Structure formats: structure tokens, C-alpha cells
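Here the structure comes first, spelled out in C-alpha cells, and everything after it is commentary.
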2 protein chains.
Amino acid sequence: MPRRKTTSRMSDRPTMRDVARRSGTSVAAVSRVLNGGVVSDAYRDRIEAAIRDLGYRRNDMARGLVTGRSGLIGVALPDLVGPLYAQMARGVEDVLETRGMHAMVVSDQRDPNAERDAIELLRGRQVDALILIGTRLGDAELRDAAGDVPVVLVQADRPDGERPQVRLDDAAGMRAAFAHLHALGHRRIAHLSGARRDGAERRAAFEACAAEAGLEVAPVVPGDSTEAGGERAAEEVARHLATAVACANDRSAVGLIHGLRARGLRVPDDVSVVGYDDLDWTRYLSPPLTTVRQPGRWMGREAARLALADPDASERSHVRVAPELIVRGSTRAPASAPATASTPPSTPPGPIP
Amino acid sequence: MPRRKTTSRMSDRPTMRDVARRSGTSVAAVSRVLNGGVVSDAYRDRIEAAIRDLGYRRNDMARGLVTGRSGLIGVALPDLVGPLYAQMARGVEDVLETRGMHAMVVSDQRDPNAERDAIELLRGRQVDALILIGTRLGDAELRDAAGDVPVVLVQADRPDGERPQVRLDDAAGMRAAFAHLHALGHRRIAHLSGARRDGAERRAAFEACAAEAGLEVAPVVPGDSTEAGGERAAEEVARHLATAVACANDRSAVGLIHGLRARGLRVPDDVSVVGYDDLDWTRYLSPPLTTVRQPGRWMGREAARLALADPDASERSHVRVAPELIVRGSTRAPASAPATASTPPSTPPGPIP
DNA sequence: CGAACGACTGAAAACGTTTACAGCCCGTGT
DNA sequence: ACACGGGCTGTAAACGTTTTCAGTCGTTCG
């Protein structure tokens, strides 16, 4: 039996044609009802009724084909499971939602080649803009992969001056952590570094702070961004007799605390530890972790705003987000040199007796 | 200046027409090269060269429009930020990736109305199937919202016998937790219940276990799924003099431990606590949490497999995933009645010095 | 009273693909 | 020599929308 040509093949989903026929009008009228064009009330009623009766839903692919836009923003991130990235994605959704748009999220599993594929995929779907989180692609590769689609970079590996982008002010975060420790009276402060990925700036800031404060002992002990790496680092931290450690991230801070404990060192009694990231569960550790909060959701929001902004508008397109120090239980004054002052939020240099 | 009609308007992205012209062939030939049809080698070479030169990318919207399929599986989940859901999403991606398909993930923020919208959106994008994680929609609502798109349910609130679905065997998980506690020698075991959402089955299983074991004291103390709820529950747990608590989820278990500690009760010395979920950080608590692991990623994989399966194939479409008990440091034998036997499942009896 | 105007309406042309179909060319079997 | 078949190729018709443009019809102004 030949298919009736009056109805579409894909599972007989009704089309605007069907709606038009049932309501005795035309597809143009239906389109106008759907998109808020001008239609008489009588028409509108009849068409809306037909839409309900038929259970009609618009086919966004066809729509996108003719309008040349998809209402989609592509988000490529290294990993859906990392809480920070997920929060960013959510931030993006927050603002898209208010514009009737949506995010298409794909994770590239930290593989630079997969990242290119992800962008490819997103472009095929005609996304209206791309938000690249933690991209490893350089300027040229990016131009090549993204073509003419507007791109917003979030925490890019190699910042590209030209493109809109949002970055965490990692230096400021590390300065806050260091200042907190210093104000508590610590003078032997170590840094547990992270993966090159986002650890470089934090490490540089730490070294700058240490130099500025004139610390004689400020070892940088290498870690990756894992608990295991932190645990391994405990040995070296202990060897340096550091009384405080500013870590490049929470995960290695947690590992470090375990390693320290395994060596009979207590936190914060013997060693103070401050993390970086504020993974949402670190407050439930004992002691609760003092750490630097990365406002992931907010960064996602900013990124979305940039992606939606008119590229010609002369708005500033580089957003630098300031992290916030969250003081909890893993830091205190060293036994040897008691605290002199509590740390005010952003740490003007406290008086030293 | 009128636009040349030979080129498309949207940012002058090249089309198959352009490729055909440049290579002196036809769009059909180009399409065949792209989709692995039959073409002579000479043609293939010329066309591939043109594709490279022009930087042509296929427009998946146009393609989807004619083929009636999108290569997309829609995933609706309550919240991207919850680690379990994110893991499920990742599991889905795992298997789609191998089929050259992709997931379109939208989070409905736990709101049943937003969930309907999400499904609507996904349908508009012509997803080839829908994976609904933790849906609250009932059978009828679902039929209405999803129409003829194949649907796979994951951890649905109200299981719908007809549709393919994957569920965690919550009863088995709770039985494992209970058995572990009981084998350690605990006889006053409490249950900290969770939100109705996914707590009902766990609670029922607990009560069944308690009855079967003939426990005289087995209070169920109400909690929600938050740390705060767990903390509040500590009071009542203490009042019942329970020596062990099987919780409906990790978050409230963590809160409970805090609350217990605030009352001077130590874990596991005075009270053993087992969680449920195995959030990936609970191993870093002190003590590390004994808990029941939900294999989120694996569930996601199963769901994707079901979504891709031929609906007519007489495969079994109900998958029940068994959780695994992870024994760590938050449980031990009660002081009053030392352990009689170790728990068979995952704890080989370690030598006791 | 005629004409111009305004508010609505519908036909039809895109949009960039896939695919059925018909055509071409060349080699082969009879 | 002719028919036939097979391997490639191009034309054109969908797919379901949006949008332009030319109407239609009543109303209002001059």
C-alpha cells in the first residue's frame, strides 16, 4: 500500500500542513500563529485548536534549516563528571533558559583530538555559538575548527587575546590563600602544585607571594590533580618541615592530609592546609577544608552572556572572575608562632608584632 | 548589492553545491562520497580535494530533515551537578560514541513541569530516542509528552511495566548493608530514611531485613537526602541507643556522623554507619564511609543500549542493576557484642593481631 | 462616490540534504 | 551487429519550515 503523500513518513508526525488542512487555513497562517505574527482571532483560535487536537510539535530541524540558526549553544567541556565543569554547564543553562535557547553539551574526555571532533559535531548541528571550557586548542587550530562560529573561551589553556573569554583570577585566589596563611603566622609555607593545565598560574602566584613576603622556606612540591598525587607529596612536605601548605586543588589537598596523617602529623595542629576549588563536599571532611572557591556556575553564566552578546557591540569581552577564600577548619596558627590577627576577607597585610 | 544566489547566506558556509561546482561534479556525487556510496576513484579524489579546499562541513539539520533521524539521543536528567546523574550521562555517551551518535543532555532541575518542557525540546530536535533519568512523569503523561519516540526509563519514580527500563536493585543493596551490619554483631540497627523519591524501596527492604532477623529494636528515623537532615536525625538515633545505622544515602550519612559526633558519639567506635550511593569522595572522609555503590556509569551504558536496541527485537528490556557494598572504615563490630563472622560479600576476613 | 489604505491571507520560493530514477557509456555474450 | 547488462553519473523531488510578495476585502478619507 503506497503511503498517502499528504502525510509525513516519520512515524506519521503531524506537520504544519496537517494543521493547516484540519483548520481550513494555510501553512503560512499556522506559522504566524506559532511565531507570534499577525493573525485574526478567529484564525488563531481555529489553528490553536487544530494544534491541540493533532498534538502538533514544531520540527526544529526544518526550522533551523530555513532560519539558519538553531537556538542551540554548543558547550564542549573536558568532563561531565567533574563538579566544577558541571556547574559551569549549569550556569550556561541558567542564562540560555531565559532566552528560550538551549545548551548542547558534549564532553571531550580531555583528549585534544576528541575536542576537535566535538566542535565538528556541534558545528554540524548549526549551533549559534560555541563555549569551549578548558580547551587545549591553540589559536590557529581553533580558527580552523570553529570557522566562523562565535567562540567563547572559558579557562583556556592558552589564552587567546582576540576572543571573548572568561577566566578565573587564579593569581588572586592564590594570593588570598597565601595571605591567610601568612597572617596566621606561618613562615614555612609550601606549595603543592597541580597539573600544568591550570596549575601554572597558581604556582607562579605562590612563588611571587613567597618572594614578596621574604620567606626563606617556600618549597614547591610537585603534585598532579589527584588524591594519590597529594598523598605521595606528604613525604616531601614533611621533610621540609613546612607548617602550612597551599595546594593547587582540593583533591590533592585531601590526599595530602591523608598522607600527612599517615606520618603522624595532624591537620591543622601540626600543618595547616588550604585547598583550591571548593568542591562542595570538602566542608564535610574533618577538619573541614579551608579552600578557595571557584564560582563555576557564575562563570558559566558569564560565558553564556558573552556568547549571546552582539559580537559587534563594544562590550568588554574579557571577564576575569575573582575566587573567594573560604576559611574553615584545616588552617590555624602554627604552634610555634601564634596568630596575631584574624584574616579579613581580602587580606590587607596584618600587623606583625 | 544583491547576494549571489550561488552561495548560501549563513556566513557563506560552503554547501554541497559549492563542492560539486568546484570539483566539476554533482551534489549527488558529493553526497555519495560523504556517505560511502559508489563513486569512481577519480571522482572521489576530486571531490575530497574540493571538500578540503573549501573546508566544507555537512549540515546535519538538512540531513536530519530528509532522513527523518538526527543521530541524537535525548537525555533528560534532574540535575547535571549531582555526580550520580553525571555519571549516568557519561555512561550513555560511552556507548553512543561507538555508534557515531551523540547525546543531547538537558537537565530539568527536578521540576516536573520543566521535565515536560525538556522532553518537548528534545522531541523538537528530532532525537531518535529518549532516556529519562529519574522521571516523575506517570504512564499517561509520558505517553502524551513523548508521543511515538522510543523511551528508556532509568530509576523512574513510578515504574512503567511496558517500557524498557533500568533500575538499581535497591532492595539488594539495602540487604547487603544490613547483612554486613548484622554479621558484625549489631542488633540495634536503625534506618535513616531518605526522600520518598528513591528512599521507599530501601526503607521497605530495611524493614523486611529487620523483621527477618528478628530485631527487637529497628527504628526508622526520617531524614531527607541532605546533610542537614542527617544531622538533625542524630538526636533520635542516639535516643534509640542504636549501635548501627543503615542510611538511605551518603549525604545524610555524612550529616548523621557529624551530628553523632557533636553528641560525643564516635564513629565507628560507638555507632557504625553505612551510607548509600558511594559518592566518590566519601572514601576521603574520616573514617572513610562504608557504603553501597551505585554503578551510575554502567547504568547509563545499559540505558543507551536499550535505547539503541531494535524495539521489535525480543530482547529483555528490563535491566536490574545490582549495587555493591563497599566496606570501609565507618563500620565495625559493636563494643558490646564482638563480631561472630565476617560478611561474605566483599570482606575477606583480615587477620586480627 | 471613488480611491487609497489597512489588516489579513495564501501561494510559492527558498534552506541543504538524501535518494529514486533515468540516462549514459562501454564491454560482453550471442 | 545487436541487445543487454553493469558501473557511474546527474536531475529532480522530497523533507517541514519561514518569509516574501501579491493579493482580497472591508473601511475610511477626500
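These numbers come from a predicted model, not from an experiment. Order of the sequence lines sets the chain letters (A, B, ...), proteins ahead of strands, with each chain counted from 1. Below, each value reflects all heavy atoms present in this structure, side chains not excepted, and no hydrogens, waters or symmetry copies.
Picking from C/dG16, D/dT17, C/dA20 the nucleotide with the shortest atom distance to the side chain of B/L65 gives C/dG16. Closest to the B/V66 side chain, of the nucleotides C/dT17, C/dG10, D/dG10, is C/dT17. With distances taken from any side-chain atom of B/V39 to the nucleotides D/dT9, D/dT18, C/dG10, the minimum falls on D/dT9. Closest to the A/N59 side chain, of the nucleotides C/dT18, C/dG10, D/dT17, is D/dT17. Comparing D/dC8, C/dT18, D/dT11 by their closest approach to the side chain of B/N35 singles out C/dT18. Counting only heavy atoms from C-beta on, A/S31 has its side chain closest to D/dT19 among C/dC8, D/dT19, C/dG16. For A/R32, the listed nucleotide lying nearest its side chain is C/dG10; candidates were C/dG10, D/dC8, D/dT18. Between D/dT11, D/dT19, C/dT9, one nucleotide has an atom nearer to the side chain of B/V27 than all others, and that is D/dT11.
Atom CG in A/D60 sits roughly 19 Å away from atom P in D/dC15 (whole-Å rounding). The interatomic distance linking A/R69 (CZ) with C/dG16 (C1') rounds to 18 Å, in whole Å. In this entry the distance linking CZ of A/R46 with C1' of C/dC8 reads 13 Å, nearest Å. Regarding A/R63, its CZ atom lies at a distance of 20 Å from the P atom of C/dT17, rounded to whole Å. In this structure, the CZ atom of A/R58 is 17 Å from the C1' atom of D/dC15, given to the nearest Å.
Formation of a donor-acceptor pair under 3.5 Å by the A/S23 side chain with backbone atoms of A/R46 is not found in this model. Judged by distance alone, the side chain of B/R297 and the main-chain N or O of B/D94 form no donor-acceptor pair under 3.5 Å. Although no hydrogens or angles enter the test, the distance criterion places a donor-acceptor pair under 3.5 Å between the side chain of A/D128 and the main chain of A/G71.
A donor-acceptor contact under 3.5 angstrom links the side chains of B/T135 and B/E115, judged on distance only.
Taking 4.0 Å as the cut-off between side-chain N and carboxylate O, B/R305 and B/E302 count as a salt-bridged pair.
Mapping B/A62 and A/S26 onto DNA chain C via the closest heavy atom, the residue that lands nearer the 5' end is A/S26.
Applying the 4.0 Å criterion to OP1 and OP2 of D/dG10, one finds that B/Y43 has a side-chain N or O inside that range.
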